[in-house]
Structure formats: C-alpha cells, structure tokens
2 protein chains.
Amino acid sequence: MSDLAAALDIVGARWALLVVERLLDGPQRYGDLQRDLGVPTNMLATRLRELEAAGVLTRLPLRHNTRAYALTDRGLALREAIVALGRWGAEQA
Amino acid sequence: MSDLAAALDIVGARWALLVVERLLDGPQRYGDLQRDLGVPTNMLATRLRELEAAGVLTRLPLRHNTRAYALTDRGLALREAIVALGRWGAEQA
DNA sequence: CGTCGCACTTGCATTTTGCAAGTGTGACCG
DNA sequence: CGGTCACACTTGCAAAATGCAAGTGCGACG
C-alpha cells in the first residue's frame, strides 16, 4: 500500500478531513463541530471514534458530560496537506 | 461551503486521489490504472468520468479502442496536496 | 471468419452514509 | 425532592456508494 493509500485509510472517509480542519483552530466540542460542519450526528460520532483510535485527536474532559476534541501532534501534522487541498479547492472557483 | 469541502467534492471520493497520483507519473491507460491500483473496474470507470467532467483529466485517443488518461493543469495542481498527504501517511509507519 | 486484447457496462450483494427520533446524565430551578 | 434543560451521543431504518463477477462491443490480427 502506498503512502497516500495509508493516509486515505485514516483520513479518507467522508467528513474526516473537514473535522480535522475545524480542529486546527483549536479544541472544539461535539455540538460545535456538528453545527459548524453540518455533519450528521451519527457520522460525527463514528469519525471521532475512528480518528481518536488512529491517534489523530484526543478527548479532553471538561465539566460533567461535556468534553472537547483536540488534535494530537499527528493530527496537527495534517495542516500542510489540508492547506494544500484547500488552496486547490479555492482555485476551482 | 469551505475551500476544503469544495476540493473534497471533486477528489474526495474513494480512489479519486489515488488515480490522480498515478497519473502524476504521466498518462496511463485504463488497464494500467486498474492493475496498478487494484481498483474495481466499474469504480475506475465512474471516477474517470467524474474527474474528466471536473476538468482534472482528459482522454487522449491512442489507436482504435485504446486511449490514455492524462492530467490537465487543474489535475497537475493537485501534486502539492498529494505529496503532502503522502508524506503524512509515510510518517504513520 | 474466428479469436484476442482492451475498455468498458451490467446486475446484484455488501458497506457506508444520512435522516429522524430516542437515551443517559449531571446541572440548575423551584 | 421533582421537573426541565443542555450536551453528547445511540438506534433504527432508508438511500446511496462501493465492490465483485460476468458480460458486451469493437477493431486488429491470423
């Protein structure tokens, strides 16, 4: 499997990169991600579980039943790729 | 829709970026892509149609019922993003 | 005129995604 | 102490995307 295929295996699923992009601005709560991205709640829950398992993000417990999701170093390392893809997308206007 | 979302709308589908990556090495024929990537033939046909419609690649007629697929400028512009994602994928070893 | 390679298409099973509604839990209000 | 609320999910089911296997069309070549 190529390097690109390995990357897509982790962040190639629908919404995954968009979640990571949102977290580049700092930790976010579940409801914030949901409202900002418009992602279906079950998909968001699934993606967050997968990305946590892949070591891309972690859960930070806040108060009682509230937590925030924050990128790990591995997640932050996606910034370059996300910026590059975003620039490409912007050029298609 | 964000720039990233716009990009993923075009190259976010499964196999799409892998096809583009393969074409960064130069034009390829259908059978070559299929064998090199291990992509199901109907998916490959669908992706090639979509990527052509999006202006990412073009068909170059060779002889009779053979053609090659080549990236357009728009397709070549994905190189930076693909390299960045590939590097990230390599770091996860 | 029959066979071959190439580029697909088609039919159907499996998997992923999406929508809508429901669940659990602790804080806060009266 | 009971009721309501916000938040973070889970669940059930329909729709869409993906994958597998087999089939089609069509020039070239013998």
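Not measured: the values here are computed from a predicted model.
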Taking the side chain as every heavy atom from C-beta outward, state whether A/Arg59 and A/Tyr69 have any atom pair closer than 4.5 Å. yes

Should the pair B/Arg74-A/Glu91 be classified as a salt bridge under the 4.0 Å nitrogen-to-oxygen rule? no

State whether the side chain of A/Arg47 and the backbone N or O of A/Arg14 hold a donor-acceptor pair below 3.5 Å, judged by distance alone. yes

Does a side-chain N-to-carboxylate-O contact under 4.0 Å join B/Arg79 and B/Glu21? no

Rounded interatomic separation in angstrom, taking CG from A/Leu48 and P from D/dC7: 17 Å

For D/dC9, does either OP1 or OP2 sit under 4.0 Å from a side-chain N or O belonging to A/Arg59? yes

Please report, rounded to the nearest Å, how far the C1' atom of D/dC7 is from the CG atom of A/Leu33. 13 Å

Between P on C/dT15 and CE on B/Met43, what's the gap in Å once rounded to a whole number? 15 Å

Check against side chain to side chain contact (heavy atoms under 4.5 Å, CB included), B/Ile82 and A/Leu85: CA-CA 8 Å; B/Ile82 287 174; A/Leu85 249 187; over 6 Å; no

Spacing of B/Asp36 atom CG relative to C/dC6 atom P, expressed in whole Å: 13 Å

Any B/Arg47 side-chain nitrogen or oxygen under 4.0 Å from OP1 or OP2 of D/dT18: yes

What parts of residues 13-31 of chain A reach DNA chain D, counting only heavy atoms under 4.0 Å away? A/Arg29, A/Tyr30, A/Gly31

By salt bridge (Lys or Arg N to Asp or Glu O under 4.0 Å), B/Asp25 pairs with (sequence neighbours left out) B/Arg22

In whole angstroms, how far is the C1' atom of C/dT9 from the CG atom of B/Leu44? 13 Å

Whole angstroms only, please: what is the CD-P distance between A/Gln34 and C/dT17? 17 Å

Taken to the nearest whole Å, CG/A/Leu37 to P/C/dC19 is 14 Å

CG of A/Leu76 to CG of A/Leu23, rounded to nearest 0.5 Å, is 9.5 Å

Mark yes when over 12 heavy atoms from residues, nucleotides or ligands other than B/Glu80 sit less than 6.0 Å from its CD; otherwise mark no. no

Encode nucleotides 20-30 of chain D as B, S and - characters from 5' to 3', where the letter depends on protein heavy atoms closer than 4.0 Å: B to the base, S only to sugar-phosphate, - to neither. B-B--BBSS--

If the cut-off is 4.0 Å, is B/Arg63 near the phosphate of C/dC6, judged by side-chain N/O to OP1 or OP2? no

So which nucleotide from C/dA7, D/dC9, D/dG19 ends up closest to the side chain of A/Tyr69? D/dC9

Return the value, rounded to whole Å, for the distance between atom CD of A/Glu50 and atom P of C/dT15. 15 Å

Under a 3.5 Å threshold, yes or no: a donor from one side chain and an acceptor from the other, between A/Thr41 and A/Tyr30? yes

If you assign each of B/Ala45 and B/Arg35 to its closest nucleotide in DNA chain C, which residue comes earlier from the 5' end? B/Arg35

